[in-house]
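Before any comments, here is the structure.
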Amino acid sequence: MLARMSQQPIELILVRHLASRLAVPVFVVDAVGDMVYFNGPAGDVLGRPFDEINVMRFADWTTAFQPSSDGRAMDVGEIPLVRALRRTTPVHGPLDIVGADGVTRTIEVTAFPIVPPTGEVLGAVAMFWETAAT
């Protein structure tokens with residue numbers, strides 16, 4: 001992982017550093033959507049610590065947690081983090097996920113792209129928290 005991290009843009013490294021110090025769950029993806037980091041509080045919600053999962057490819061994390069809304073499986077493009085990455089705009093919304101521990105959780109997600117002044121999309125960040133099921 002260190003070799004992969006050293007090749008990442010400095011902005012992603014700094015976001016990871018910040019996320020590691022936050023109490024809110026944070027999930028970080030790179031420009032192609034591969035999950036490159038999530039912090040300890042995110043691991044609690046996702047059902048496994050980052051060290052056990054490590055990097056996950058886009059196709060894996062977008063299906064592994066079985067995102068759904070109103071009892072219906074979400075299309076990949078509906079996932080707030082994916083929308084933020086693809087549309088380069090902040091997105092907020094609720095969804096249900098199934099953690100790696102098999103527990104279904106309702107979460108609220110606020111996601112935003114990482115876009116420096118150069119305009120190149122470097123990745124995206126999702127901050128989320130568990131809520132009561134609706």
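As a basis for the values below, the full set of heavy atoms in this structure was taken, side chains included, without hydrogen atoms, waters or symmetry mates.
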List in chain and number order the residues that pass side-chain contact (heavy atoms from CB on, under 4.5 Å) with Leu18, two or more places apart in sequence or in another chain; answer none if no residue qualifies.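 side-chain contact (heavy atoms from CB on, under 4.5 Å) check on Leu18 returns Leu22.
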Only counting residues at least two apart or in another chain, list the ones meeting side-chain contact (heavy atoms from CB on, under 4.5 Å) with Glu11.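 Per chain and number, Glu11 pairs via side-chain contact (heavy atoms from CB on, under 4.5 Å) with Pro9, Ile114, Pro116, Leu122.
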Glu108: partners by side chain to side chain donor-acceptor pair (under 3.5 Å), with sequence neighbours left out: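 Per chain and number, Glu108 pairs via side chain to side chain donor-acceptor pair (under 3.5 Å) with His92.
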Can you sort out the partners of Asp60 under side chain to side chain donor-acceptor pair (under 3.5 Å), two or more places apart, ordered by chain and number?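 Asp60: no side chain to side chain donor-acceptor pair (under 3.5 Å) contacts found.
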Using only atom types and a distance under 3.5 Å, with no angle test, would you say the side chain of Asp34 pairs donor to acceptor with the backbone of Phe58?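 A pair under 3.5 Å: yes.
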Search all heavy atoms of [X] against all heavy atoms of [Y] and return the closest pair with its distance.
| X | Y | result |
| --- | --- | --- |
| Arg48 | Ala100 | CG-CB, 3.2 Å |
| Pro67 | Leu95 | CB-CD1, 3.7 Å |
| Phe65 | Leu46 | CE2-O, 3.8 Å |
| Val26 | Ala42 | O-CB, 3.6 Å |

Look up atom [atom1] in [X] and atom [atom2] in [Y], then write down how far apart they are to the nearest 0.5 Å.
| X | Y | atom1 | atom2 | answer |
| --- | --- | --- | --- | --- |
| Glu130 | Ile97 | CD | CD1 | 8.0 Å |
| Glu120 | Thr88 | CD | OG1 | 12.5 Å |
| Thr63 | Met56 | OG1 | CE | 7.0 Å |
| Leu12 | Gln7 | CG | CD | 12.5 Å |
| Asn54 | Met35 | CG | CE | 7.0 Å |

Does [X] share a hydrophobic cluster with [Y], counting links as ILVMFWY side-chain heavy atoms below 4.5 Å and allowing steps through other members?
| X | Y | result |
| --- | --- | --- |
| Val24 | Phe50 | yes |
| Ile107 | Ile53 | yes |
| Val125 | Val45 | yes |
| Phe128 | Val15 | yes |

Do Arg16 and Val36 make a side-chain contact, defined as non-hydrogen atoms from C-beta onward lying under 4.5 Å apart?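 The answer is no; the side chains never approach within 4.5 Å.
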Hey, could you give me each pair passing ring-ring contact (aromatic ring centres under 6.0 Å, His included) that has a residue in residues 8-36? Not counting sequence neighbours.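 Those involving residues 8-36 are Phe27-Trp61.
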For residues 71-85, dump all side-chain donor-acceptor pairs below 3.5 Å to protein atoms at least two apart in sequence or in another chain.
{"unit_1": "Arg72", "atom_1": "NH1", "unit_2": "Glu78", "atom_2": "OE1", "d": "3.2"}
{"unit_1": "Arg72", "atom_1": "NH2", "unit_2": "Glu78", "atom_2": "OE2", "d": "2.9"}
{"unit_1": "Glu78", "atom_1": "OE1", "unit_2": "Asp75", "atom_2": "N", "d": "2.6"}

